[in-house]
Number of protein chains: 2
Amino acid sequence: MAVTDTSLKRVLVTGGAGYIGSHVIYALQKTRRYKVICLDNYHNSQPKALTRLEQIATDALPEGATAADKASAIIDVHKCDLTQPEQIRAVFKKYGKGGIWGVIHVAAYKAVGESTEIPVTYYHNNVSATIFLLQVMDDFDCTRFVYSSSATVYGTPPKVPIPESTRLQADSPYGKSKVMAETIIDDLTHGTPLLYALITIVDEKEYSPTHEMASYLLAILQMAVGRVKDPVLKVFGNDYPTPDGTCVRDYLHVLDLAEGHLLALDALAPESKLFDNCPTEARYKAYNLGRGQGSSVLQIVEAMRKATGFDYKTEIVGRRRGDVPDLTADPTLAEKELGFKAKQDLETACRDLWNWQTKKKKKKKEQWTP
Amino acid sequence: MAVTDTSLKRVLVTGGAGYIGSHVIYALQKTRRYKVICLDNYHNSQPKALTRLEQIATDALPEGATAADKASAIIDVHKCDLTQPEQIRAVFKKYGKGGIWGVIHVAAYKAVGESTEIPVTYYHNNVSATIFLLQVMDDFDCTRFVYSSSATVYGTPPKVPIPESTRLQADSPYGKSKVMAETIIDDLTHGTPLLYALITIVDEKEYSPTHEMASYLLAILQMAVGRVKDPVLKVFGNDYPTPDGTCVRDYLHVLDLAEGHLLALDALAPESKLFDNCPTEARYKAYNLGRGQGSSVLQIVEAMRKATGFDYKTEIVGRRRGDVPDLTADPTLAEKELGFKAKQDLETACRDLWNWQTKKKKKKKEQWTP
């Protein structure tokens, strides 16, 4: 019997094979309410992550699973480069007008440092691609959009925990490309009464192992696996205006982060009534996802020590250029309006990260392992 | 004998058939130092403007004009849509690596009001297209870039006359698209040591007859030709913090504006030494072009009265949303570093505009008539 998915809402996830995207798909599949369409160019990911997701979702199906349940476990996979509008168009064409219920746009180039080296590539991948996607969505009457942004849009925030009302003022081309995308989406919701967009802003940079080596968490992780020759952990500055003087970050578990994206998508359904009493201008909302509680570098080192058993040696050195004292998110609005609540604490995050590290093969390419 | 142009520098002008672009080409041709390559999609212009430019330049050739002189009068015309990167690439390919000396990027969608209706189209045309152009330039070792920006990037400027150090804070999607393009160019000059970019920021909006009907100058003009049924000129607010209470603008003559673009291009030649003592980060400079002296609405009405002989009736009504009290540019830097000096006064501008209006055919489409 052919698998039918008529009761499922089709959701297109860009960058679905990547670290964040794959966890977003995992969260979507768990609901068994969505049919996931994955777009990825596998620039920094591999298709086998999607095979694994299908397996996990299929294994988790309850007894007496319906045809729709079974269909929700299977991903429609499209190799697609978002900088090629005709490729995006071909995917939408397959599902027809109104055929895709919503989009979660995760795909982006994400390395702050690299963005200063090849800025135009970043603007091309993060801004032009978003424009293309929005144009095709418009052509195919797809009106629900969740954009995965980044805490870097706030630059050095004047107030911590960071509320959504903070002015956008990024420092790097990467950050600026995210600000531009947010600006464009905001304007689009004014001009096109049909678009409903939510922006989920997450401090994901520090948490994703595929990102910059500069990330403390990754550096700390690398040490524990014995890859670092000189195992002295540099702490860049202990004279910041924070409790112990080291930089504070809001280390959100990637599963919580993925849950935040799912909740944002759910909120775009008519029954959520999120936009019911809003004027046209308010069909765009941003939500900061985070634990609302930051952890300092020294606290992270301590948590990682517990998770890995590795005896870290630290050395306090000078401040690093571009570091911001505190990037703790204020998730109050996300809690109130989306029902978001970070479930995982720092210890769990560190333990899972350690498991991820020890499980994954010694390859350069990332592999998704839940 | 075949026309040779080896002694000429090839300069690509985007939007060259449009109102500003055609005047820029006119200024370039007058020098007989440049070979103009014109890119235009004729969205808001016509190819015959270019034929006229060739005729004017050919007629102006001195006796004993060299082959190069003659070649400088002829424009290499390419119908090209800047939102189609392969079309840009095809043009650059024709001239080969290093074959194009510099680019003056004028092409853009320019109507503030329209930009709120179709924002994504504006971002696509003004931001994505600029990214495409910069990418292709990079591929073909073209490193000199003059970007024609707009005073609207300053939103409501905190200080008047407006210096280049003013923060960028546009209000409309059009203005924001210009800010984004400037931001991208700025970042690119950091990442790519070969690019030298100048931004010429002009308050061209109020002066170009093809722009919004909201423009006072056009409204005033329309009245004088008897197209307006109820010939009472509305003056939107006379309680602004300006000498006579009405809004003040820096009405720059389009020929001065074009001259400013030419000077910016000239300044990118090694012999100008403009960037010689600058660090890598300073290979990007912005210049505000203007007369440095604003004219109020009432002053403009008076000047147009003189130019047209039409007896204007004015009515003071309430302020118009989005209007900024004063947009007078501070051209000090452009004067000092580029040698820019607006030559035409307001009376000349009004007279020429009136000539342009009375000469042009009663067609909807704009025609370039110098």
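In what follows, chains carry the letters A, B, and so on, assigned in the order in which the sequence lines appear, proteins first and then strands, with residues in each chain numbered from 1. Below, each value reflects all heavy atoms present in this structure, side chains not excepted, and no hydrogens, waters or symmetry copies.
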### Message
If you count heavy-atom pairs within less than 4.5 Å of chain A, which of B:Ala129, B:Ser115, B:Ser128, B:Pro85 leads?
### Response
B:Ser128
### Query
Hey, which of A:Ile131, A:Val127, A:Val179 has the most heavy atom pairs under 4.5 Å with chain B?
A:Ile131
### Task
Taking side chain to side chain donor-acceptor pair (under 3.5 Å) as the test, write out the residues that go with B:Thr183, two or more places apart.
none
### Query
For B:Phe132, is it the side chain, the backbone, both, or neither that has a heavy atom closer than 4.5 Å to a heavy atom of chain A?
side chain
### Query
Which heavy-atom pair separates A:Arg89 from A:Asp139 by the least distance, and what is that distance?
NH1-OD2, 2.9 Å
### Message
Assess, by modelled atom type and distance only, whether the side chains of B:Asp187 and A:Tyr123 contain a donor and an acceptor separated by less than 3.5 Å.
### Response
yes
### Message
Over 60° means perpendicular and under 30° means parallel, so tell me whether B:Tyr109 and B:His43 are parallel, tilted or perpendicular.
### Response
parallel
